[in-house]
Every structure is written in C-alpha cells, then in structure tokens.
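Report on the following structure.
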Amino acid sequence: MKMEELAKVGGYKVPTAHHPFMRLGLEKLDLFHAEIADLEATLQDVVKLGGPDSEKKSAKLIKQLRSFEPSITMIGQIKAGKTSLVNAMVGRPDLLPADVNPWTSVVTSLHLNAALPADAPTATFQFFNKDEWDHLIENGGRIGELSARAGADEEMEKIRLQIAEMRDKTKRRLGRKFELLLGQKHNYAELNDELVQRYVCMGDDFDDLDASGQQGRFADITKSADIYLTAATIPMPLCLRDTPGVNDTFMMREQITINALRDSRICVVVLSAHQALSSMDMGLIRLISNVKSREVVIFVNRIDELANPAEQVPEIRDSILQTLIDNNGPETPELIFGSAYWANIALGDNLDAIVADSAEAMFNWAEASLSTQTAGMGTKELVWHLSGLPALFGAISDRITEGQGAEILSTARKRALNLVGGVRASSSIVSMRLDGDTVTVMPHSQLVQRLDRIAQTQINLLNDRLDSVFQQFGSRVDQSHRRFLDRALESLLQHLESRGEDAVWQYSPDGLRILLRTSYQVMRRNATAACDQVFAATADDLSETYRAAFGVAVENFKISPPAAPDIPAPVTLGQTIALDLQTSWWKGWWKRRKGYRAFASGFYDLIEAETAPIIAELKDRQTMDIRAMAERELREFLDEQRALLTDISEKSSLHLDDLKDIFGITAQQERAEIFDYIIDELTAQTRAAPQGPDQ
C-alpha cells in the first residue's frame, strides 16, 4: 500500500513537501518496503489455508510489520543547525523553530507515516512532572548536584540566580495554572506552526501578547513533543527525534538526550563546519562512543558558510577523524558534509532567494563533488544533492535495512514459518480424518500440562542463565569501579608528593568508561548466547510435542526459535561526571582543601558519589530491562505455540461436517502443494536475508 493511500485511512492530517528529488537516497527503503509487502501477501495466503484462527494470528503479525517505526535520534550542539536539518528531512522548512531559547529542553519526535487510528491526535505535548521540575529548581539539576558535592559555592550561587529568573518568568507567564500544568499532556487534532512554537520555542516579550497565542508560552515546562506527519516520499514509517543541544548550564539536556538515545538504534551527530568537534564537543564524543560504531552517522552542517568548501572539507574531515581517535570515539564513522540551508532552499519556491556568499560556496562545492551521475539532474535536484540530504538518507537507509529492519523481517518470517507449520500440521489432521483414518491424539488436559511444564522449565532456565550472566557482570563492574578509584587516588597522592598542593591535578575518567564498556560488551554476548540456547531448547521441546501429541510426521516440520532481543547500548556511560569538567569550580574545589588527607578523602567521596549512579544504572536498570525483554520474547513465543497446538487438538475432535465448514475446501492435495510453496518461499527468504552488523 502506498503512503498516499495510507494517508486516507490512517490518522495523518499534516502533509509534507512532495518533490520527486526527495526520494534520492531512499532506494533501499523502497526495497525493504517491498519485502514487507511480499511477506504480508504470503501471510494473506496462510489465512486462506488456515481459517479464522490463523487469520487472527496472521493479522497480528501483519499489524506488527506495519507498525515497525525505526527511530533516528539527532544530537548535536546548539546552533549546529540540527533543527533546520530535521525540517528539511521531513520537507517542512518552517515546522520546528530553529532559534530555540537555551532554556528549552524539549525532545521533539516527528512520526512520519505512523499507523494511527483515525481519531488519534496529530500533536501531543508532555510537561515535566512536579518531581522533575523540583529537581531542577531546588537542586539545580545535575550540575547543581555536582557543584554541591564539590562545595563550589560560587557556581551554586550563579545557578540559583539563573533558576530564580527562569522560575519567576515561568510563573508570571502561566500564573495560577502553573502548578496544575506540571505532569499534564496536551493533545491536538490539528497542527500549525504557531501551535508548535507555543510549546517548543521561546519568545522574548510575553507581557503584550494574548495568553492563548503567546509564542513559547509553555516552552519552559514542556518535556517532549510528538508530532505525526505524512511523508509521501518516504516509503515506510520513520521517527526523527530532534534533541536539545547537550551543552547547557544544568545538564538537563544531556540526560534528556541520553534517554532519547536509549529508544533509538541510529544516531546522527550534527556538527557545525565552523567548529566541528571543538573542545565543547567532548560531551558528544562521550555519548556516541557508547553506541555501536556502525549505527553512528556524523553530518557536518553549514558548509554553505565556508569560504572554500572544496579545500576546507577534507581538512575538517581529517580533523574530526583524528579528534575521535584521540578521544576514544567511534572507529571509522560515516561522515557526510552538507547544508541544511541549501536543502531548505531547494524545497522553497525561489532558488534566487539564496544569499550571495552561500551561492558562491555552492558553486565551489559543486565543482569538487559533482560527477557524471548528476549530469541529468535539474537545478533544484542538484541543489538537493549538494545539500548532502540524499547521502544522509542513504546512510540511514543502509542502517535500517541492514540492522533493525533485517531483524524485524527475520523475526516475522520465523513466526510466519511457525504459523504455517502449525496450520500445516492441523491440515494433516483434517486430511486424515476426511480420508476416514483414525487419528489418535494426546488428551487435551495432558497436552495443557505438558505445555505448562515446558513453559515453567524454560522460563526458570532462562532466568537462571541470566542470573549467572548478570552476577558475573556485576562483579566485573564493581571490580573495575574500585580499581579506577584506587588508581585515581594513587595518581592524586603521587601528584601531591611530586608537585605539592598548589598545582591543580587533572585525571581523565575515560579509563573507567572503557573498562565498563568492555564489561558490558562481554555481558551482552553472554546474555544473547543464554537467550539463544534457551529459545532453541524451547523450540525443540515444542517440535517434539507436536509429534508426541498428534503422531503426525509432517515433512520439513520444525519450530523455529525466536531471535534473542537486541540489547540496548550503555549510553549512560556518556554522562558527564566531575572529572570531565576541568573548569573554574574544580579549581575552587582544589584550593579549598589543605593537607593530603583532605584531598584524598574529599576526592574519593566526590568521585564515588558521581560514578555510583552510572554503576547502578548498568547493574540494575540495564540488566532488569534485558531480563524483561528476554522473558517477554520467550512468553510470546510460548503463547503463540500454545494457541496453535490447542487449535489442532480441538480440530482432532470436531465433527467432520464442522471441519468442512471451517476450511471450506477438501482438496487436500492442492492445499499440501500450497503449503510446500509457502514454506519453501519463507525458508529461502530467511536464508537470503542479510545479517545486521554487530560492532
């Protein structure tokens, strides 16, 4: 089904631009969408063979395929042009305000072509709850906690003054509604630019505006925005998450960006060509270092503002790669150079609106980057090509189709194979009974008991295996943590002995991050192996149950186990801690201490308190999430197979006339041939599917 057709039945009410050149770079997504359509058609064939019960299962699987919405998180510094880039990607140059106020900490998720009910809202805005707001106001957020622990009184006083200013402006703007709004959600059926700006950007003067139309009226307390759009040029659902810049006073945005990265497999880092990976971007490097290298794309924006991009781009590329190497960043990431400004010019009505300096830069870049492949392009298509958007879409398409997309197709095909296998086994029972054969089956109560026993045994086994994996992981993490603290303390004491108390000491926490990341990678492999072993054993038990319960040897019949869940990256390791901030407050902390003992005990307590939440996040939350995902996958698999087995059991005792009514046909030879075709087709597709990279 085409996106234009989906728009008529879905809940998308906001169209985006539809230029043919916007499809450049999306060719692999077109092919992926075609594979989804082929699998849906195969499942429709299963419905014809299996009757009402298989129709429900097929419909559920089709719904899961259609709701697949890979998300791409866009991160970067303020003023790197990230929001302008996102606007160009969705074909709405003025959708999101690009000049947001530094206070604003909104994650804006643009859901493109999402499968929605007709009455679903087009825009949803979620406010901070009272606890989150109080954490900022009372403690100054993460930077406030850090400064308080360090005893940085001057820094804390600056933070208090800034917070008081923000709090007073917010209360003055919202009045008595302020307390009531915290934790609430606003939904809208229709969307316009003014509505978005009321929640996402910040105006300067609110006193003279009508309360209902104030720009940025709710921006201080808005935590997230979800906007649903139709993008006819993109062949499938997609979510683009525009995050706040990470370099803010209170580190609110850093935590918000970390949470957004948890929900995405693909990360696009947007840098400004003027200051690509400057010293202020170390926070970005820390974040992306904990995402799989293959799933990181770096887009260097604003090359339209370079005097000579043809010469400067190679220099910037070399500088970025060297900076990543020097700071343990992702290895060999994909770098794309372009201009969101050029892309938005291409989407507009008048190419002559481009500023003169930018036009000169474009001609310069065109001479260096255009090839014979672009010879037949029209002017707007050329501008779009030079903007880097097709290359960016191509990089995103590669990562979706080779990673999460390949996994979702593989999982769906395995489930389809299991469904077909179950329906085929059921058909064999029907065929034998219609031919007058006596069918001996396991009593229903005995079958249920056997399935209960398999479920309990395998769920217990899964948890036992994961307990062992997580216990080893926890021990390694604790050991790495203690060793880091001991080494840092030893380095501090050596510094004091050799250079005295007047020279400020610095120590990088990157060693701790590398140790923890390595431990996490080992845990990820072990947890995946544990899931694979238990899932395979469960599939074998269920395959044997089919044979034992019905005594029917179906050719090529074997239950395929589900894939182990994808284990999320440890993005929390990118969180800023005290040793990352060698700024004025650190020097103040240093000067307030006298004597080796005061330095040693104060430092140990400070860094232990700073790193303890990261350790707890890895050992507790991450492992709890992994366990929940693994157990959910196993239970869903068991439930699917239970439904198929009990369905066959019921058909073995139905009256012959009822059997004919259920299936509608008795040409079992024809049915058997169709089953063979479907199974061969699904098996071939599963074997041919590319495997996602594991880096």
Notebook entry, point to check: Between Thr528 (side chain) and Arg524 (backbone), is there a donor-acceptor pair under 3.5 Å?
Noted result: yes
Distance col, row Leu95:CG vs Thr83:OG1, nearest 0.5 angstrom, shows 10.0 Å
### Query
Is there a donor-acceptor contact under 3.5 Å linking the side chains of Asp318 and Gln322?
no
**Report entry** From CA spacing to verdict: ring pair (Phe, Tyr, Trp, His ring centres under 6.0 Å), Trp505, Phe603
**Finding:** CA-CA 11 Å; Trp505 169 78; Phe603 168 76; 5.1 Å; yes
### Query
Between Phe218 and His186, how do the two ring planes meet: parallel, tilted or perpendicular, split at 30° and 60°?
perpendicular
Is it true that atom CG of Asp502 has more than 12 heavy atoms of other residues, nucleotides or ligands lying nearer than 6.0 Å?
no
Verify, without hydrogens or angle tests, whether Ser339 (side chain) and Ile303 (backbone) share a donor-acceptor contact under 3.5 angstrom.
no
(request) Assess whether side-chain contact (heavy atoms from CB on, under 4.5 Å) is satisfied between Tyr604 and Leu485, documenting all intermediate values. (result) CA-CA 7 Å; Tyr604 198 95; Leu485 287 170; 3.7 Å; yes
Between the CG atom in Leu489 and the CD atom in Glu608, the distance rounded to the nearest 0.5 Å is 11.0 Å
Between Lys82 and Gly76, the two heavy atoms sitting closest are CE-N, 3.7 Å
Exercise. With no hydrogens and no angle check, is any side-chain donor or acceptor of Asn129 less than 3.5 Å from a backbone partner on Asp131?
Worked result: yes
Scanning both residues in full, the closest heavy-atom pair of Arg302 with Ser272 reads CD-OG, 3.9 Å
Below 4.5 Å, heavy atoms only, C-beta onward: do Val107 and Lys223 meet side chain to side chain?
-> no
_Quick one, Arg621 with Asp625, criterion side-chain contact (heavy atoms from CB on, under 4.5 Å). Give me CA distance, side-chain angles, the key distance, then yes/no._
CA-CA 6 Å; Arg621 174 173 168 171; Asp625 288 348; 3.7 Å; yes
Expected output: side-chain Asn87 to main-chain Leu96 donor-acceptor under 3.5 Å: yes
Nearest heavy-atom contact between Gly81 and Ala340 is O-CB, 4.3 Å
Interatomic distance, CZ@Phe484 vs CG@Leu515, rounded to 0.5 Å, equals 9.0 Å
Query - Flag side-chain contact, heavy atom, 4.5 Å: Lys619 against Asp478 - result: yes
Between the CG atom in Asn463 and the CG atom in Asp467, the distance rounded to the nearest 0.5 Å is 6.0 Å
When rounded to the nearest 0.5 Å, the distance separating CG of Leu573 from CD of Gln622 is 8.5 Å
Point to revise | Greater than 12 external heavy atoms within 6.0 Å of Glu636's CD | key: yes
Just wondering, do Pro333 and Leu324 contact through their side chains at under 4.5 Å, heavy atoms?
yes
- Any side-chain heavy atom of Pro562 sitting closer than 4.5 Å to one from Thr411? no
Kindly indicate, with the supporting measurements, whether the criterion side-chain hydrogen bond (donor to acceptor under 3.5 Å, both in side chains) is fulfilled by Ser289 and Asn328.
CA-CA 7 Å; Ser289 294; Asn328 302 303; over 6 Å; no
Ion pair Asp510/Arg513, N-O distance below 4.0 Å: yes
Side chain Glu295, main chain Cys267, donor-acceptor under 3.5 Å: no
Check: Gln184 main-chain N/O paired with Gln126 side-chain donor or acceptor under 3.5 Å = yes
Inset, instruction - Would you check, one step at a time, whether the test side-chain contact (heavy atoms from CB on, under 4.5 Å) holds for Ile614 with Leu512? - result: CA-CA 11 Å; Ile614 298 175; Leu512 174 63; over 6 Å; no
- [ ] Could you tell me whether a side-chain N or O of Ser397 sits under 3.5 Å from a main-chain N or O of Phe393, the two making a donor and an acceptor?
- [x] yes
For Arg294 and Arg399, indicate whether the former's side chain and the latter's backbone hold a donor-acceptor pair under 3.5 Å.
no
Leu306 side chain near Ile316 side chain, heavy-atom distance below 4.5 Å: yes
Practice item. Tell me, yes or no, whether the heavy-atom count around Arg483 atom CZ, taken from other residues, nucleotides or ligands under 6.0 Å, exceeds 12. Key: no
State plainly whether the residues Arg627 and Glu631 are in salt-bridge range, i.e. N to O under 4.0 Å. no
| Do Ile72 and Leu238 have side-chain heavy atoms sitting under 4.5 Å apart? | yes
pair Asp566-Gln404: side-chain heavy atoms closer than 4.5 Å | no
>> Side chains of Tyr520 and Leu618, heavy atoms from C-beta outward: is any pair under 4.5 Å?
In response: yes
For Thr611, does its backbone N or O pair with a side-chain atom of His481 as donor and acceptor, under 3.5 Å?
no
Nearest heavy-atom approach of Met523 to Ile626 is CE-CD1, 3.7 Å
In this structure, CD1 of Ile408 is separated from CD1 of Ile400 (nearest 0.5 Å) by 12.0 Å
Heavy-atom nearest pair, Val300 first then Ala273, reads CG1-CA, 3.7 Å
Between Phe299 and Gly338 the two heavy atoms that sit nearest each other are CZ-CA, 3.7 Å
**OP:** Just do the side-chain contact (heavy atoms from CB on, under 4.5 Å) check on Glu617 and Gln575 with the steps written out, would you?
**Re:** CA-CA 11 Å; Glu617 172 80 14; Gln575 178 175 301; over 6 Å; no
